[in-house]
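Below is one structure, written out as structure tokens, with a few remarks after it.
Note that the coordinates shown come from a computational prediction; the quantities given were computed from them, not determined experimentally.
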Amino acid sequence: MTEKLFVGLTFRSDCTLSRKIDGFRKRFDPKYNMASFPHMSLLAPFEINKKDLNHCKDELKEELDTFFFGQDAPLKLSFTGVNFIQTRKSNVLYLNPAYTADLEFCMELVQDICTSLIPRNIKYKPNPKQFLPLGSFKDSDPLIDVMDAIKAEFEDNSELTITGINLYRKKHGIWSVEETLVSFKNTKDSVLQYQRASL
């Protein structure tokens, strides 16, 4: 028996950009009800054997605790605009993240741990890139028609505060938090600063 999982960044939900994303996803994301919380996946969902779940949690927590040691204030993730990607089933509109070198390295670390636990008999297709989805459109024409308006809507406030990293598990078709891997203290925006993690 296997478990379907993913690891994702969590964000403050009380800022203007988070509210815009939530409103847009409610209108255009058919998967909104499966994962309505503000988040961005660090890798495509993956499957591991149920017996390996605790090992997966422990290894991720240990590595992330070490990586972010001394990092109490939340990090910021900036976005470089709106774009869309065409898949077989739909056209996905997304915010393009601008990772810092530390966050990029963190993402690679998480991906290495998770993919090492995937059983050999299970095919895994990694995402070519990670992004924050805004919505899914069946046809590209309506999306192209409104792209300028969408870009204008998301041009400002193109930064989100990261509050933590969670492991999510799919239960009965709904994604829910399985384990909080690392969390950052919520402090006032005026004192939030990005500090490079010491390796």
Legend entry - Criterion side-chain contact (heavy atoms from CB on, under 4.5 Å) on Leu9 and Leu42, from CA distance to verdict: CA-CA 7 Å; Leu9 301 174; Leu42 293 179; 3.8 Å; yes
Taking [X] for its side chain and [Y] for its backbone only, find out whether a donor-acceptor pair lies under 3.5 Å.
X: Ser116; Y: Ile113; value: yes
X: Thr10; Y: Gly164; value: yes
X: Arg19; Y: Asp14; value: yes
X: Ser41; Y: Leu43; value: yes

Atom pair [atom1]/[atom2] of [X] and [Y] - distance to nearest 0.5 Å:
X: Asp22; Y: Phe11; atom1: CG; atom2: CZ; answer: 13.5 Å
X: Lys20; Y: Leu134; atom1: NZ; atom2: CG; answer: 11.0 Å
X: Glu159; Y: Lys76; atom1: CD; atom2: NZ; answer: 5.0 Å

Inset, instruction - May I ask you to check whether Phe79 and Phe154 place their ring centres under 6.0 Å from each other? - result: no
Inset, instruction - Verify the ring-centre separation between Phe105 and Tyr99: is it less than 6.0 angstrom? - result: no
Contact check, side chains of [X] and [Y], non-hydrogen atoms, under 4.5 Å:
X: Leu75; Y: Asp102; value: no
X: Leu160; Y: Cys15; value: yes
X: Leu5; Y: Cys114; value: no
X: Ile48; Y: Thr2; value: no
X: Phe84; Y: Val92; value: no
X: Ser176; Y: Tyr168; value: no
X: Ile165; Y: Cys106; value: yes
X: Phe24; Y: Ile150; value: yes

Legend entry - Passing option when Phe6 is tested against Trp175, Tyr124, Phe46 for ring pair (Phe, Tyr, Trp, His ring centres under 6.0 Å): Trp175
Inset, instruction - Apply the salt bridge (Lys or Arg N to Asp or Glu O under 4.0 Å) test between Glu178 and each candidate in Lys170, Lys57, Lys61; give the one that qualifies. - result: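 For Glu178, the salt bridge (Lys or Arg N to Asp or Glu O under 4.0 Å) test succeeds with only one of Lys170, Lys57, Lys61, which is Lys57.
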Listed partners of [X] passing side chain to side chain contact (heavy atoms under 4.5 Å, CB included), at least two apart:
X: Asp112; value: none
X: Lys51; value: Asn49
X: Asn127; value: Ala44, Gln130

Legend entry - Hydrophobic cluster identity match, Ile21 and Phe131, side-chain contacts under 4.5 Å: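 Different clusters.
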Legend entry - Evaluation steps, side-chain contact (heavy atoms from CB on, under 4.5 Å), between Asn83 and Leu95: CA-CA 6 Å; Asn83 211 335; Leu95 282 175; over 6 Å; no
Legend entry - Sidechain N-carboxylate O distance under 4.0 Å for Arg169, Glu3: yes
Legend entry - Minimum-distance pair of heavy atoms, taken over all atoms of Leu132 and Met40: N-SD, 3.6 Å
Inset, instruction - Go through the steps for Val82 and Asn96 under the test side-chain contact (heavy atoms from CB on, under 4.5 Å), then give the verdict. - result: CA-CA 6 Å; Val82 179; Asn96 196 40; over 6 Å; no
Legend entry - Intermediate values then yes/no, side-chain contact (heavy atoms from CB on, under 4.5 Å), Leu64 and Val110: CA-CA 8 Å; Leu64 290 173; Val110 166; 4.1 Å; yes
